[in-house]
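Residue numbers start from 1 in every chain, and the chains themselves are labelled A, B, ... in the order their sequence lines are given, proteins ahead of strands.
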There are 2 protein chains.
Amino acid sequence: MCVGEEDVQGVPCSCRGPRHEGFLEAWLLLLLKGSPSHGYELLERLGQVTGHGVAPDPGTVYRNLRRMEDEGLVTSNWDFSDAGPPRRLYRLTEQGEELLQAWAAEVENYRSRLDRFLSIYSELRGRPRA
Amino acid sequence: MCVGEEDVQGVPCSCRGPRHEGFLEAWLLLLLKGSPSHGYELLERLGQVTGHGVAPDPGTVYRNLRRMEDEGLVTSNWDFSDAGPPRRLYRLTEQGEELLQAWAAEVENYRSRLDRFLSIYSELRGRPRA
DNA sequence: CGCCTGTATGTGCACGGGGCAGATATACAG
DNA sequence: CTGTATATCTGCCCCGTGCACATACAGGCG
């Protein structure tokens, strides 16, 4: 929430909840399905692809990747090939791919709930308060 | 997440994040826009309307309503009219209505992000891991 | 050389929403 | 009198996230 949009009618943005909405793991799995990558790059890709320009917190991303490795969703290898500090290259595992599929189903359910919200809202909108 | 759906392909449901996804306040505002109501009833309506049969935690709902009253989003009056324990009748305020509008915009943004997720997923799906 | 910037990874701390468990009270049915 | 449905509320804890900060490597510049 509160992803940089202006306030609406002077009501300060609600600003509750995480900016990446509990789907950070899902996004990471998705991006890694696209191609193996390291944390810093994922950070940048996340900022673009998720729609709002705001990149998530680096610490959170790195922590998530580590946890996901512990859980067998991804594997990592140090990459010293290019100049600059070494990077940890992450790859999706079979398990990670399966979880991504589960996430996709979850996201669809989630979206249909949001649709329901919006359809109810559009029904009610404009009516005087009861 | 993990709203009672079965596991997908043996992968245990991710189960991270709140069941009502950080939109509890939005749902409460929306339902109250529909008609004034009390906590217990909102609890039941939430369980039906949000799509998954699972009702949110009562404590969480009551606490949210109280907070929302403190913030001027709703007002409450005790209702002794019917039999049984007294209930606290909540009504949406002008402020609450404005915030609901802001929430609706937020939900739309949110949904478009989920759309983006799903469209990327459907592009990638089926491809072998890189 | 020293300094700054950009790349890249990581830790400690604190906040805040929400789930879980349980307390309380009223009415009514058996 | 005990149990069940209705109705509200509190305490406690978990967990994900954001923020601030630390670390390290490489290259450019005066």
Checklist entry - Hey, does the side chain of B:T93 reach the backbone of B:G72 with a donor-acceptor pair shorter than 3.5 angstrom? => result yes

Are any protein N/O atoms closer than 3.5 Å to N/O atoms in nucleotides 4-8 of chain D? If there are, list each pair with its distance.
{"residue": "D:dA7", "atom": "OP1", "partner": "B:R87", "partner atom": "NE", "Å": "3.4"}
{"residue": "D:dT8", "atom": "OP1", "partner": "B:R88", "partner atom": "N", "Å": "2.7"}
{"residue": "D:dT8", "atom": "OP2", "partner": "B:G39", "partner atom": "N", "Å": "3.3"}
{"residue": "D:dT8", "atom": "OP2", "partner": "B:Y40", "partner atom": "N", "Å": "2.6"}
{"residue": "D:dT8", "atom": "OP2", "partner": "B:Y62", "partner atom": "OH", "Å": "3.0"}

Item to check | B:R63: salt bridge (charged side-chain N to carboxylate O under 4.0 Å, His left out) partners, not counting sequence neighbours | outcome: none

Checklist entry - Are B:L31 and B:L89 connected in the hydrophobic side-chain network, where two residues link if heavy atoms are under 4.5 Å apart? => result no

Next on the checklist: Closest-nucleotide mapping onto DNA chain D: is A:D82 or A:T60 further toward the 5' terminus? I mean the 5' end.
Outcome noted: A:T60

Scan nucleotides 11-13 of chain D against the protein and return all N/O pairs shorter than 3.5 Å with their distances rounded to 0.1 Å.
{"residue": "D:dG11", "atom": "O6", "partner": "B:R63", "partner atom": "NH1", "Å": "3.1"}
{"residue": "D:dG11", "atom": "O6", "partner": "B:R63", "partner atom": "NH2", "Å": "3.4"}

Checklist entry - Tell me: CZ of A:F80 to P of C:dA8, nearest whole Å? => result 14 Å

Item to check | Between D:dT10 (P) and B:L65 (CG): distance, integer Å | outcome: 13 Å

Checklist entry - Can you say whether the rings of A:W103 and A:F23 are parallel (under 30°), tilted (30 to 60°) or perpendicular (over 60°)? => result perpendicular

Next on the checklist: My understanding is that only residues two or more places apart in sequence, or in another chain, count here; which of them pass ring pair (Phe, Tyr, Trp, His ring centres under 6.0 Å) with B:F117?
Outcome noted: A:W27

Next on the checklist: To check you understand the geometry: which heavy-atom pair defines the closest contact between A:L30 and B:L124, and what is its length?
Outcome noted: O-CD2, 3.7 Å

Next on the checklist: Can you measure B:R67 atom CZ to C:dC15 atom P for me and round it to whole angstrom units?
Outcome noted: 18 Å

Checklist entry - With sequence neighbours left out, what residues match B:D79 under salt bridge (charged side-chain N to carboxylate O under 4.0 Å, His left out)? => result none

Checklist entry - How is the hydrophobic cluster of A:Y40 composed, in terms of its other members, when Ile, Leu, Val, Met, Phe, Trp and Tyr link through side-chain heavy atoms under 4.5 Å apart, directly or indirectly? => result A:Y62

